[in-house]
There are 2 protein chains.
Amino acid sequence: MARLAGVSRATVSYVLNNTSAVRISEPTRRRVHEAAKELGYVPHAAARSLRAGHSRMVLMPAPRVPVGPLYSRFFDELQWSLSRLDYTVVQYGGVGLHGDEAARAWAELRPVAVIVPDEGLGPKGVAVLKRSGARAVVTMGPEHVEGAHALVMDHQEVGRAAGAHLLDRGRRRLGVVVPEARGLDVFSRPRLAGVRRAVRGTDATVTELPLAYEEEAAARLAARWRSLGLDAVFAYNDEYAMLLMRALQDEGIDVPGETALLGADDLVLGRLLRPRLSTVHLRLPAGRDLAELVDRVVRDPTAVPETHEVLGSRVVHRESS
Amino acid sequence: MARLAGVSRATVSYVLNNTSAVRISEPTRRRVHEAAKELGYVPHAAARSLRAGHSRMVLMPAPRVPVGPLYSRFFDELQWSLSRLDYTVVQYGGVGLHGDEAARAWAELRPVAVIVPDEGLGPKGVAVLKRSGARAVVTMGPEHVEGAHALVMDHQEVGRAAGAHLLDRGRRRLGVVVPEARGLDVFSRPRLAGVRRAVRGTDATVTELPLAYEEEAAARLAARWRSLGLDAVFAYNDEYAMLLMRALQDEGIDVPGETALLGADDLVLGRLLRPRLSTVHLRLPAGRDLAELVDRVVRDPTAVPETHEVLGSRVVHRESS
DNA sequence: TTGAAAGCGGTACCAC
DNA sequence: GTGGTACCGCTTTCAA
């Protein structure tokens, strides 16, 4: 590259980075740019960050959980906001790595910040990342992790809101759907626990209903529905709610007359069902705000880790409950 | 690190990589491992790949399109398979970058392979990537790109299958829903074109129906439905089909009696609708196969680029058509 | 205005 | 067995 333009490597660097501390003559700039174009020259990011001692890479382990449209939108916004702040967002496919082993793998890339969407990063993992140069570590999970900034997303609150709503509606024998799909228990367990908490101190009961996301599984559940003696069910989310509503209706069970039904996520499809689906609307944090938090912490890593409760839950009452 | 263990950098490298060409004494190995643990030492991936001249990184620009469960499963499998082959999968959030500019940004990372899910990579982009050291470039899009291996996913075929099915069912005045959500036209345009192709040479007509994914938009469309004089509609996918089915039914329009309705993607929700939704089932390639293609090409980059048609379309006839 | 050279953190060859 | 050292590609003083 330098040879082709007939200049030194240094000059190339100056020209391509528009280094303001150094003035390069127009003819030279042109020669460099032409040579770069001709060779299809692209700088080597690794070499650059090696020399610089830092990068602008924000690393985000890809969530191991199938994510819905809600999360996708949040993530898109986050990514876009970080790009605007001149960070490079990279999702790392750490399939098969767990705990501190995963943290080490991430640390090898020397990201300036790490955003961990799942649970599974411990205090030791945080320490490894920080020692390796990560200036910001942000977790998005059920609880705070020592040393990291945390966006606490307490899905128990979702269950609590659901339970409270059903009690309000006069229901006392509550079922709670727990998806059998592995990976979803990160969410389903806390939601179930939340319903349990909501009924504490009342005469209401909570029945756990394992359910696979398949028509037949739902039909089997519906077939034994009356024997369960439930008058309400929180169906984990809108999709499971739709699955169950169909099965119940096929079985001749009136919703909400005989059984109230409540979903979560407030998807469009809930409004298309008949009866219209009551649901727990979740409010995720704005991707923009997270991006700004990351940026702030990167600039001042000494800031004491903040913990924010970010999962807003609000029941949207329609016709199914 | 070397200092703490009281050995040279070289020795550290030998120990941590279990270099077989060199034998290190047990006591030394222990000292190195202890020092590493104590410091939380993690090797610097950039330095390593800089020295090695290559990496095992497979780069995948994050798709700009909201992806459904179908694609998510495919991608998970791909990622898992590549991990097993000892590649590191990284999704690059290239929001805001286009065409060759994006290709340059990817090339900076010096990935050993690049898998491009969207359209938008041109022959020049491919060349840039290859010159920068990418041994495999695979595109997944509507058409083959010069110089790259291609998994051609021709969504026209989806539309063609849909159109043919509706014609088979005796329909002649076909509507085709075209989502207004920007980004989706990558898929919706070819699907529409496919329907057009299917009716070519017949007396059937095709009417384009722009539609936003909102209840009100669907209601407005349904309100003027009879004036459109359509006897069938291909609703882009199952979710739009559900949206439209509800609106039509609310308007008192019988499905399939008055209007046949066809979705795509074969989601679970289609089976839950009444009437059960006919749909175009898409068969994506196995993530495993793509992983093996990538690996094969990485090992022998001289292989002449292969082009595979990978999008299988099959109409699943249920009750709505 | 430009070039020479050091050094980022590893790896691998060659001496000792 | 272990250490010295050159080198990967780039940035950044410092001199010329």
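Note that these values count all heavy atoms, side chains included, but never hydrogens, waters or copies made by symmetry. Note that the coordinates shown come from a computational prediction; the quantities given were computed from them, not determined experimentally. We name chains A, B, ... by the order of the sequence lines, and we start the count at 1 in each one.
- Computed from C1' positions of five pairs at each end, the angle between the two local axes of the helix from C:dT1-D:dA16 to C:dC16-D:dG1 equals 50°, rounded to 10 degrees.
- Using a 30° and 60° split on the angle between ring planes, A:F74 and A:Y71 fall in the tilted class, from 30° to 60°.
- Counting only heavy atoms from C-beta outward, the side chains of A:L59 and A:I115 never approach each other to under 4.5 Å.
- In this structure, CG of A:L109 is placed 16 Å from P of C:dG9, rounded to the nearest angstrom.
- The number of heavy atoms from other shown groups lying within 6.0 Å of CZ (A:R73) does not exceed 12.
- Checked against D:dG4, C:dT2, C:dG3, the side chain of A:I24 finds its nearest nucleotide in C:dT2.
- Here B:R299 pairs with B:D295 in a salt bridge; the nearest charged N to carboxylate O distance falls below 4.0 Å.
- Contacts of A:S49 with the nucleic acid, taken as non-hydrogen atoms under 4.0 Å apart, are absent.
- Annotation for B:E292: atom CD counts as buried by contact number, over 12 foreign heavy atoms lying within 6.0 Å.
- Checked for salt-bridge contact, B:E146 and B:K124 miss the test: no charged N lies under 4.0 Å from a carboxylate O.
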Reading nucleotides 8-16 of chain D from 5' to 3' and marking B where a protein heavy atom lies under 4.0 Å of the base, S where only the sugar-phosphate is that close, and - otherwise, the string is BBBBBB---
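- In this structure, the side chains of A:R135 and A:V294 stay at 4.5 Å or more apart for every pair of heavy atoms.
- OP1 or OP2 of C:dT2 sits under 4.0 Å from a side-chain N or O of A:T28.
- In this structure, B:E26 pairs ionically with B:R29, as a charged nitrogen and a carboxylate oxygen lie closer than 4.0 Å.
- Between A:R30 atom CZ and C:dT2 atom P there is a gap of 12 Å when expressed in whole angstrom units.
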